[in-house]
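Proteins come first, then strands; the chains are lettered A, B, ... in the order of their sequence lines, and each starts at number 1. The analysis underlying the following values was restricted to heavy atoms, covering all of them including side chains, and did not include hydrogens, waters or symmetry mates.
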Protein chains: 2
Amino acid sequence: MKTAVSPCPIEEAMVLLSGRWPTLLLYYLQPGPKRFNELRRDNPSISHRMLTLELRKLEAAGVVRRTAHPGYPLRVDYALTASGRKLVPLIDALGDWWSESAGERAAFVASA
Amino acid sequence: MKTAVSPCPIEEAMVLLSGRWPTLLLYYLQPGPKRFNELRRDNPSISHRMLTLELRKLEAAGVVRRTAHPGYPLRVDYALTASGRKLVPLIDALGDWWSESAGERAAFVASA
DNA sequence: CTCCGGTTACAAAAAAGTGCGTCATTTACT
DNA sequence: AGTAAATGACGCACTTTTTTGTAACCGGAG
(Lines give C-alpha, C1' and ligand atoms only; values in the text may rest on other atoms or scores of the structure.)
Protein backbone atom coordinates (compact mmCIF):
# COMPACT_ATOMS: atom_id res chain seq x y z
CA MET A 1 0.00 0.00 0.00
CA LYS A 2 1.37 3.27 -1.13
CA THR A 3 -0.35 5.29 1.56
CA ALA A 4 -3.53 6.70 0.07
CA VAL A 5 -4.28 10.40 -0.11
CA SER A 6 -3.51 12.08 3.15
CA PRO A 7 -6.52 13.95 4.47
CA CYS A 8 -4.12 16.17 6.38
CA PRO A 9 -3.32 19.59 4.92
CA ILE A 10 -0.24 19.88 7.09
CA GLU A 11 1.20 16.74 5.63
CA GLU A 12 0.53 17.91 2.10
CA ALA A 13 2.02 21.31 2.73
CA MET A 14 5.12 19.67 4.16
CA VAL A 15 5.48 17.38 1.18
CA LEU A 16 5.58 20.50 -0.94
CA LEU A 17 8.02 22.40 1.25
CA SER A 18 10.31 19.54 2.20
CA GLY A 19 13.94 19.77 1.32
CA ARG A 20 16.11 22.81 1.43
CA TRP A 21 15.25 24.39 -1.87
CA PRO A 22 11.56 25.27 -1.79
CA THR A 23 11.78 27.70 1.07
CA LEU A 24 15.04 29.18 -0.18
CA LEU A 25 13.54 29.81 -3.57
CA LEU A 26 10.54 31.45 -1.97
CA TYR A 27 12.95 33.61 -0.05
CA TYR A 28 14.86 34.71 -3.11
CA LEU A 29 11.69 35.37 -5.06
CA GLN A 30 10.36 37.60 -2.33
CA PRO A 31 11.90 40.86 -3.67
CA GLY A 32 10.35 40.32 -7.08
CA PRO A 33 10.39 38.21 -10.22
CA LYS A 34 13.63 36.51 -11.13
CA ARG A 35 14.89 34.56 -14.07
CA PHE A 36 16.15 31.02 -14.09
CA ASN A 37 19.86 31.67 -14.11
CA GLU A 38 19.42 34.52 -11.70
CA LEU A 39 18.08 32.06 -9.17
CA ARG A 40 21.00 29.79 -9.90
CA ARG A 41 23.41 32.61 -9.17
CA ASP A 42 21.58 33.40 -5.95
CA ASN A 43 22.19 29.85 -4.92
CA PRO A 44 25.16 28.35 -6.71
CA SER A 45 24.89 24.95 -5.08
CA ILE A 46 21.63 23.96 -6.72
CA SER A 47 21.89 22.03 -9.96
CA HIS A 48 19.91 23.18 -12.96
CA ARG A 49 17.98 19.94 -12.88
CA MET A 50 16.92 20.48 -9.29
CA LEU A 51 16.06 24.07 -9.97
CA THR A 52 13.72 23.18 -12.82
CA LEU A 53 12.14 20.39 -10.82
CA GLU A 54 11.61 22.53 -7.75
CA LEU A 55 10.25 25.44 -9.76
CA ARG A 56 7.79 23.15 -11.51
CA LYS A 57 6.69 21.73 -8.20
CA LEU A 58 6.11 25.18 -6.79
CA GLU A 59 4.35 26.19 -9.97
CA ALA A 60 2.07 23.17 -9.79
CA ALA A 61 1.29 24.06 -6.20
CA GLY A 62 0.35 27.54 -7.29
CA VAL A 63 2.93 29.41 -5.26
CA VAL A 64 5.01 30.66 -8.18
CA ARG A 65 3.99 31.72 -11.65
CA ARG A 66 6.18 31.05 -14.65
CA THR A 67 6.12 33.60 -17.43
CA ALA A 68 7.83 32.93 -20.75
CA HIS A 69 8.60 35.98 -22.86
CA PRO A 70 8.87 34.76 -26.44
CA GLY A 71 12.02 35.86 -28.18
CA TYR A 72 15.68 35.56 -28.86
CA PRO A 73 17.70 34.18 -26.05
CA LEU A 74 14.61 32.74 -24.39
CA ARG A 75 13.53 34.73 -21.37
CA VAL A 76 11.51 33.21 -18.58
CA ASP A 77 10.79 34.66 -15.20
CA TYR A 78 9.36 33.31 -12.02
CA ALA A 79 7.29 35.32 -9.57
CA LEU A 80 5.38 34.62 -6.39
CA THR A 81 1.63 34.30 -6.70
CA ALA A 82 -0.81 35.64 -4.14
CA SER A 83 -0.73 32.43 -2.15
CA GLY A 84 3.04 32.36 -2.44
CA ARG A 85 3.22 35.79 -0.86
CA LYS A 86 0.94 34.61 1.90
CA LEU A 87 3.26 31.70 2.52
CA VAL A 88 6.40 33.79 2.96
CA PRO A 89 5.65 35.18 6.45
CA LEU A 90 4.81 31.71 7.69
CA ILE A 91 8.18 30.44 6.57
CA ASP A 92 9.87 33.45 8.09
CA ALA A 93 8.13 32.59 11.34
CA LEU A 94 9.73 29.15 11.22
CA GLY A 95 13.13 30.74 10.78
CA ASP A 96 12.48 33.03 13.71
CA TRP A 97 11.38 30.07 15.81
CA TRP A 98 14.59 28.25 14.97
CA SER A 99 16.68 31.25 15.94
CA GLU A 100 14.75 31.79 19.18
CA SER A 101 15.03 28.19 20.26
CA ALA A 102 18.76 28.08 19.53
CA GLY A 103 19.47 28.37 23.23
CA GLU A 104 17.46 25.28 24.06
CA ARG A 105 19.18 23.25 21.39
CA ALA A 106 22.56 24.39 22.64
CA ALA A 107 21.57 23.49 26.18
CA PHE A 108 20.56 20.07 25.04
CA VAL A 109 23.76 19.50 23.15
CA ALA A 110 25.82 20.77 26.05
CA SER A 111 24.08 18.43 28.49
CA ALA A 112 24.86 15.42 26.29
CA MET B 1 32.60 19.75 -0.15
CA LYS B 2 29.66 18.70 1.89
CA THR B 3 27.97 22.09 1.82
CA ALA B 4 29.19 23.97 4.86
CA VAL B 5 26.95 25.19 7.62
CA SER B 6 24.05 27.15 6.28
CA PRO B 7 23.83 30.54 7.92
CA CYS B 8 20.12 30.51 7.21
CA PRO B 9 17.78 29.56 10.06
CA ILE B 10 14.94 28.88 7.65
CA GLU B 11 16.98 26.32 5.84
CA GLU B 12 17.96 24.61 9.06
CA ALA B 13 14.42 24.56 10.35
CA MET B 14 13.25 23.02 7.11
CA VAL B 15 15.93 20.36 7.21
CA LEU B 16 14.55 19.38 10.59
CA LEU B 17 10.92 19.41 9.55
CA SER B 18 11.34 17.89 6.10
CA GLY B 19 9.57 14.69 5.32
CA ARG B 20 6.12 13.70 6.36
CA TRP B 21 6.81 12.41 9.84
CA PRO B 22 8.17 15.31 11.89
CA THR B 23 5.10 17.47 11.65
CA LEU B 24 2.75 14.54 12.06
CA LEU B 25 4.52 13.47 15.22
CA LEU B 26 4.33 17.00 16.53
CA TYR B 27 0.65 16.93 15.79
CA TYR B 28 0.04 13.69 17.65
CA LEU B 29 2.11 14.80 20.60
CA GLN B 30 0.13 17.98 20.92
CA PRO B 31 -2.55 16.58 23.29
CA GLY B 32 0.08 15.31 25.69
CA PRO B 33 2.88 12.82 26.21
CA LYS B 34 2.67 9.57 24.32
CA ARG B 35 4.55 6.32 24.37
CA PHE B 36 6.48 4.80 21.53
CA ASN B 37 3.96 2.21 20.41
CA GLU B 38 1.14 4.62 20.95
CA LEU B 39 2.67 6.85 18.31
CA ARG B 40 3.00 3.86 16.06
CA ARG B 41 -0.68 3.11 16.44
CA ASP B 42 -1.56 6.71 15.73
CA ASN B 43 0.26 6.33 12.49
CA PRO B 44 0.43 2.72 11.36
CA SER B 45 2.34 3.41 8.18
CA ILE B 46 5.55 4.49 9.87
CA SER B 47 8.12 1.79 10.47
CA HIS B 48 9.48 1.43 13.98
CA ARG B 49 12.92 2.25 12.67
CA MET B 50 11.74 5.51 11.17
CA LEU B 51 9.87 6.34 14.32
CA THR B 52 12.97 5.97 16.46
CA LEU B 53 15.04 7.94 13.99
CA GLU B 54 12.56 10.77 13.73
CA LEU B 55 12.05 10.92 17.46
CA ARG B 56 15.78 11.14 18.02
CA LYS B 57 16.06 13.89 15.48
CA LEU B 58 13.31 15.87 17.15
CA GLU B 59 14.85 15.19 20.52
CA ALA B 60 18.24 16.42 19.32
CA ALA B 61 16.54 19.55 18.02
CA GLY B 62 14.99 20.11 21.41
CA VAL B 63 11.38 19.94 20.34
CA VAL B 64 10.51 16.71 22.12
CA ARG B 65 11.73 15.30 25.41
CA ARG B 66 12.20 11.61 25.93
CA THR B 67 11.49 10.28 29.42
CA ALA B 68 12.29 6.71 30.41
CA HIS B 69 10.43 5.46 33.46
CA PRO B 70 12.50 2.65 34.90
CA GLY B 71 10.48 -0.46 35.67
CA TYR B 72 8.70 -3.52 34.54
CA PRO B 73 7.58 -3.41 30.98
CA LEU B 74 9.87 -0.56 30.06
CA ARG B 75 7.97 2.66 29.71
CA VAL B 76 9.19 5.55 27.65
CA ASP B 77 7.21 8.58 26.76
CA TYR B 78 7.72 11.50 24.49
CA ALA B 79 6.44 14.97 25.17
CA LEU B 80 6.71 18.35 23.51
CA THR B 81 9.17 20.78 25.04
CA ALA B 82 8.52 24.48 25.35
CA SER B 83 9.99 25.20 21.93
CA GLY B 84 8.04 22.27 20.53
CA ARG B 85 4.82 23.82 21.76
CA LYS B 86 5.82 27.10 20.22
CA LEU B 87 6.37 25.33 16.94
CA VAL B 88 2.93 23.73 16.77
CA PRO B 89 0.93 26.84 15.86
CA LEU B 90 3.40 27.69 13.12
CA ILE B 91 2.87 24.29 11.57
CA ASP B 92 -0.86 24.62 11.96
CA ALA B 93 -0.61 27.91 10.09
CA LEU B 94 1.02 26.08 7.21
CA GLY B 95 -1.85 23.63 7.17
CA ASP B 96 -4.34 26.47 7.17
CA TRP B 97 -2.47 28.15 4.34
CA TRP B 98 -2.63 24.97 2.32
CA SER B 99 -6.35 24.65 2.88
CA GLU B 100 -6.99 28.29 2.05
CA SER B 101 -5.00 28.17 -1.15
CA ALA B 102 -6.71 25.00 -2.30
CA GLY B 103 -8.85 27.01 -4.67
CA GLU B 104 -5.84 28.49 -6.44
CA ARG B 105 -4.25 25.10 -6.87
CA ALA B 106 -7.48 23.71 -8.27
CA ALA B 107 -7.73 26.63 -10.65
CA PHE B 108 -4.22 26.04 -11.82
CA VAL B 109 -4.79 22.33 -12.37
CA ALA B 110 -8.05 23.02 -14.17
CA SER B 111 -6.36 25.50 -16.50
CA ALA B 112 -3.76 22.92 -17.53
C1' DC C 1 5.95 -16.96 23.14
C1' DT C 2 4.81 -12.13 23.05
C1' DC C 3 5.16 -7.12 24.36
C1' DC C 4 7.93 -3.04 25.04
C1' DG C 5 11.56 -0.01 23.09
C1' DG C 6 14.83 -0.20 20.88
C1' DT C 7 19.75 -1.42 17.75
C1' DT C 8 22.19 -3.22 13.90
C1' DA C 9 23.01 -4.94 9.17
C1' DC C 10 21.50 -5.36 4.62
C1' DA C 11 18.51 -4.27 0.57
C1' DA C 12 15.42 -1.64 -2.08
C1' DA C 13 13.81 2.63 -3.57
C1' DA C 14 13.91 7.44 -4.11
C1' DA C 15 16.25 11.72 -4.61
C1' DA C 16 19.98 14.35 -6.38
C1' DG C 17 24.18 15.28 -9.24
C1' DT C 18 26.59 15.21 -13.95
C1' DG C 19 27.09 15.84 -18.50
C1' DC C 20 25.41 16.20 -23.27
C1' DG C 21 22.11 18.11 -26.65
C1' DT C 22 18.97 21.83 -28.36
C1' DC C 23 17.33 26.22 -30.60
C1' DA C 24 18.02 30.83 -31.99
C1' DT C 25 20.52 34.80 -31.47
C1' DT C 26 24.48 37.57 -30.14
C1' DT C 27 29.25 38.45 -29.33
C1' DA C 28 34.26 37.46 -30.08
C1' DC C 29 38.25 36.09 -32.71
C1' DT C 30 40.98 36.25 -36.82
C1' DA D 1 33.37 38.30 -43.64
C1' DG D 2 33.36 33.63 -41.69
C1' DT D 3 33.59 30.65 -38.06
C1' DA D 4 33.49 29.73 -33.28
C1' DA D 5 31.72 30.13 -28.85
C1' DA D 6 28.47 31.71 -25.48
C1' DT D 7 23.89 32.68 -23.68
C1' DG D 8 19.17 31.25 -21.53
C1' DA D 9 16.20 27.70 -20.18
C1' DC D 10 15.71 23.78 -20.23
C1' DG D 11 15.12 17.87 -21.50
C1' DC D 12 17.11 13.31 -21.22
C1' DA D 13 19.96 9.56 -19.74
C1' DC D 14 23.20 7.75 -16.50
C1' DT D 15 25.48 7.48 -11.97
C1' DT D 16 25.96 8.39 -7.31
C1' DT D 17 24.24 9.47 -2.86
C1' DT D 18 20.68 9.50 0.60
C1' DT D 19 16.69 7.87 2.56
C1' DT D 20 13.59 4.32 3.83
C1' DG D 21 12.05 -0.33 4.48
C1' DT D 22 12.77 -5.27 6.05
C1' DA D 23 14.19 -8.45 9.05
C1' DA D 24 16.64 -10.21 12.77
C1' DC D 25 18.24 -9.65 17.40
C1' DC D 26 18.47 -7.80 22.44
C1' DG D 27 16.76 -8.05 27.49
C1' DG D 28 13.49 -8.68 31.09
C1' DA D 29 8.57 -9.55 32.48
C1' DG D 30 4.01 -11.75 32.03
To the nearest Å, give me how far apart [atom1] ([X]) and [atom2] ([N]) are.
X	N	atom1	atom2	answer
A:Leu51	C:dT18	CG	P	14 Å
A:Met50	D:dC10	CE	P	14 Å
A:Arg40	C:dA16	CZ	P	15 Å
A:Asp42	D:dG8	CG	P	14 Å
A:His69	C:dC23	NE2	C1'	19 Å
A:Leu39	D:dC10	CG	P	10 Å
B:Glu54	C:dT7	CD	P	14 Å

Return the minimal non-hydrogen interatomic distance between [X] and [Y], and the atom names on each side.
X	Y	answer
B:Ala13	A:Trp98	CA-CE3, 3.7 Å
A:Arg65	A:Leu80	NH2-O, 4.0 Å
B:Lys57	B:Ser18	NZ-O, 4.0 Å
A:Leu90	B:Trp97	CD1-CB, 3.6 Å

* To do: Would you mind telling me which residue lines up with the more 5' stretch of DNA chain C, A:Ile46 or B:Arg49, judged by nearest nucleotide?
  =>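 Nearer the 5' end of the strand: B:Arg49.
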Could you list the protein-to-nucleotides 4-6 of chain C atom pairs, N/O on both sides, closer than 3.5 Å?
from  : atom 1 : to      : atom 2 : distance (Å)
C:dC4 : O5'    : B:Asn37 : ND2    : 3.3
C:dC4 : O3'    : B:Leu74 : O      : 3.3
C:dG5 : OP1    : B:Val76 : N      : 3.4
C:dG5 : OP2    : B:Asn37 : N      : 3.2
C:dG5 : OP2    : B:Asn37 : ND2    : 3.1
C:dG6 : OP1    : B:Arg66 : NH1    : 2.2
C:dG6 : OP2    : B:Arg66 : NH1    : 3.2
C:dG6 : OP2    : B:Tyr78 : OH     : 2.5
C:dG6 : O3'    : B:Arg56 : NH2    : 3.1

* Asked: With a 3.5 Å cut-off and no angle check, do the side chains of A:Thr81 and A:Arg85 form a donor-acceptor pair?
  ->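 No - no donor-acceptor pair under 3.5 Å links their side chains.
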* **Note: A:Asp77-A:Lys34 ion pair, threshold 4.0 Å (strictly below)** =>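 Between A:Lys34 and A:Asp77 there is no salt bridge, as every charged N stays at least 4.0 Å from the carboxylate O atoms.
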